[in-house]
Structure formats: C-alpha cells, structure tokens
Amino acid sequence: MAESNPNPTAGDDEEQEEGGQVVLFNATRHEHELLLFEGLPTYTCSGCKEKGANIGYKCNINSDRPSSSCKNFTLHQLCATLPDAYQHPFLSDVSFKFRPKTIFPHRCNACWDEVKGYVFETERRHLRPELRLHPLCMALPKILDYSRHADHKLKFVTGDLKGKAYNCSVCDSQIESGGWRYRCEEVACKVYVDLSCAKIDIFGLSDHGIERIAPVSRSRSRRGSVAFVKSVMNGVVYALNN
C-alpha cells in the first residue's frame, strides 16, 4: 500500500457525519448529497470513468427511474473531495483546475490513459501547453510499497529517459520517454512500473482481480487526436460548402 498522501478536501464542499456515516455535498461534482461507503465491490466512477473499489461516495437519492443521473451514481473518494483548484505536489510551478470533461479527446499527461470524464487542467502559458491529469493521478504517493515488488520500495520519478527504452515490469508495455513512473529505490533492480499499473495497486483494484490494459503510445494518441480534429474540420468545411 502507498504511504499516506494528505490532500485538502474541496473548498466549496460540506462534509459532516450523520449516524456514523460521512455525508458530503460538493456542488461541482453532483447536485445531491453523497454518502461515503466502504467495502464496495468494483465500480466505474461516474466522474472520471476509471475503475474503483472498496471505498467511494454514492448519491444519497435512491431513484428507481432508469434515466436518472443518480441511479448507481458513485465517485472515487478523490473525485468527490479534491478541491476545484489544486496545487499538484510534484508540479509546484503550475496550478490545476477541475473540469467535468474535455471538449476534444485527450490523454492524461501522467499515465497516458484516455481522459473520459473528470479531469484537472492547467492553463496554457507561453511556450507551455496545457497539462491534463486524471483525478487519481493528482494524488500519487512519492514512495510506494508495491505488492509485486516486496523487496524494496518504489520511488516516483519523472523526466526524460535519455533515449533508453524501459518496459513496465508488470504489463511489459514500453514506458514513454518523460512519462511519470515508479522505479525501485535500488537502481540495480531495474524495476519500473508505469502509473496505470501502479494505480491498480494503490487504489486496491488488484485485490479484485483487475489487471492493466496496455496503453496507447504517445505517438499513436497524438495521431488519433490530430485525425479527430481533421475530421471535425472537414465536416465543417463540407457543411459550409453545401
């Protein structure tokens, strides 16, 4: 399990305890009160669309209407409580703001998995593009006790791989140069774990038999985004000419 990584709760939320159960209201995440549950089976977070398990917030409104947005509405604890404005502990020179979703397809700059819902974004600055992170990638521990490498702790690292190719020791997919990752503190071990595999362990998904699906590479994801934008622009041009 990971070392504790304290985060402030959302600045505009209200959290209280009723009958021994934590009740949360956060207007930017859901229109109703949310109840904190433990011992949950695996679920898909209604916010970020990533998998969750064990603990999460569920809507306090029990609705039987099939079309209701409250039916089975469940959020990761982090998706419900991270503040709308957040200073990432590993990126002190930028601040992130919560967005319920992105307009165009994007991938998380930390784990390179697709962003499907809740996301934290930076503002574009001169010569610096926006960064987009999953909520779960906003609260990663610096030191990780990883279940598949019990001999040593893993250390969070970023930065260029300097042309060297490293594969994740769990899923065997290539780690992108400059991608966020964990590395064994004992460099001689040469154990590297990419963030998607690490998150499965950090957030208890491995206890439920969930395994990593190898990601799309950075180059492929960029080509996919460019192709999507081109298709949209071609559709606009066609509409204007007809």
Side-chain angles (χ1 to χ4, degrees), residues 1-63 65 67-91 95-102 106-111 113-122 131-142 144 195-196 198-208 210:
M1 294 298 292
E3 290 187 354
S4 61
N5 182 32
N7 290 291
T9 54
D12 55 355
D13 69 9
E14 296 179 8
E15 189 175 74
Q16 55 188 335
E17 202 168 300
E18 293 182 2
Q21 189 166 28
V22 176
V23 180
L24 172 75
F25 178 74
N26 187 346
T28 61
R29 312 300 160 86
H30 193 56
E31 58 184 321
H32 302 133
E33 288 183 340
L34 301 171
L35 298 180
L36 181 64
F37 286 86
E38 297 183 7
L40 293 176
T42 56
Y43 60 85
T44 298
C45 177
S46 302
C48 71
K49 313 304 181 186
E50 291 199 293
K51 291 292 184 181
N54 302 326
I55 189 167
Y57 280 90
K58 298 177 73 69
C59 181
N60 195 22
I61 303 297
N62 293 321
S63 176
R65 292 177 300 165
S67 60
S68 172
S69 62
C70 301
K71 188 177 179 64
N72 298 323
F73 184 91
T74 308
L75 294 179
H76 291 119
Q77 189 174 22
L78 285 171
C79 287
T81 60
L82 280 177
D84 291 343
Y86 188 79
Q87 192 80 38
H88 197 288
F90 306 153
L91 298 170
S95 59
F96 288 80
K97 291 185 178 180
F98 169 78
R99 299 284 185 268
K101 60 181 179 180
T102 60
H106 292 287
R107 292 191 176 272
C108 174
N109 289 95
C111 68
D113 288 338
E114 185 179 357
V115 172
K116 298 180 180 180
Y118 287 2
V119 64
F120 282 83
E121 293 182 331
T122 62
L131 296 175
R132 297 175 180 86
L133 299 183
H134 289 121
L136 298 188
C137 292
M138 295 290 291
L140 298 167
K142 290 184 178 181
L144 177 63
L195 290 198
S196 291
K199 286 194 297 182
I200 288 175
D201 201 72
I202 292 170
F203 297 105
L205 298 176
S206 56
D207 297 336
H208 296 264
I210 293 179

For the residue pair [X] and [Y], what are the closest heavy atoms and their distance?
| X | Y | result |
| --- | --- | --- |
| Ala139 | Leu78 | CB-CD1, 3.7 Å |
| Phe98 | Thr28 | CE2-O, 3.5 Å |
| Arg107 | Glu114 | NH1-N, 3.2 Å |
| Pro135 | Tyr118 | CD-O, 3.4 Å |
| His30 | Phe25 | O-CE1, 4.0 Å |
| Ile55 | Tyr43 | O-OH, 2.8 Å |

Going from [atom1] on [X] to [atom2] on [Y], what distance comes out if it is rounded to the nearest 0.5 angstrom?
| X | Y | atom1 | atom2 | answer |
| --- | --- | --- | --- | --- |
| Ser206 | Ile200 | OG | CD1 | 7.5 Å |
| Leu205 | Glu50 | CG | CD | 9.0 Å |
| Leu82 | His88 | CG | NE2 | 9.5 Å |
| Met138 | Cys79 | CE | SG | 11.0 Å |
| Asn26 | His32 | CG | NE2 | 14.0 Å |
| Asp113 | Lys199 | CG | NZ | 6.0 Å |

Step by step, work out the salt bridge (charged side-chain N to carboxylate O under 4.0 Å, His left out) result for Glu121 and Arg132. CA-CA 5 Å; Glu121 293 182 331; Arg132 297 175 180 86; 2.9 Å; yes
Flag, side chain of His106 to backbone of Leu133, donor-acceptor distance under 3.5 Å: no
Could you walk me through whether Leu36 and Leu24 pass the side chain to side chain contact (heavy atoms under 4.5 Å, CB included) check? CA-CA 8 Å; Leu36 181 64; Leu24 172 75; over 6 Å; no
Charged tip of Arg29 within 45° of Phe73 ring normal and under 6.0 Å: no
Taken in chain and number order and not counting sequence neighbours, the residues that satisfy side chain to side chain donor-acceptor pair (under 3.5 Å) with Gln77 are none
Taking side chain to side chain donor-acceptor pair (under 3.5 Å) as the definition, give me every residue that meets it alongside His208, ordered by chain and number, with sequence neighbours left out. Asn54
Evaluate the side chain to side chain contact (heavy atoms under 4.5 Å, CB included) criterion for residues Thr74 and Lys58: first the C-alpha distance (whole Å), next the side-chain angles of each, then the deciding distance (0.1 Å), finally the verdict. CA-CA 4 Å; Thr74 308; Lys58 298 177 73 69; 3.1 Å; yes
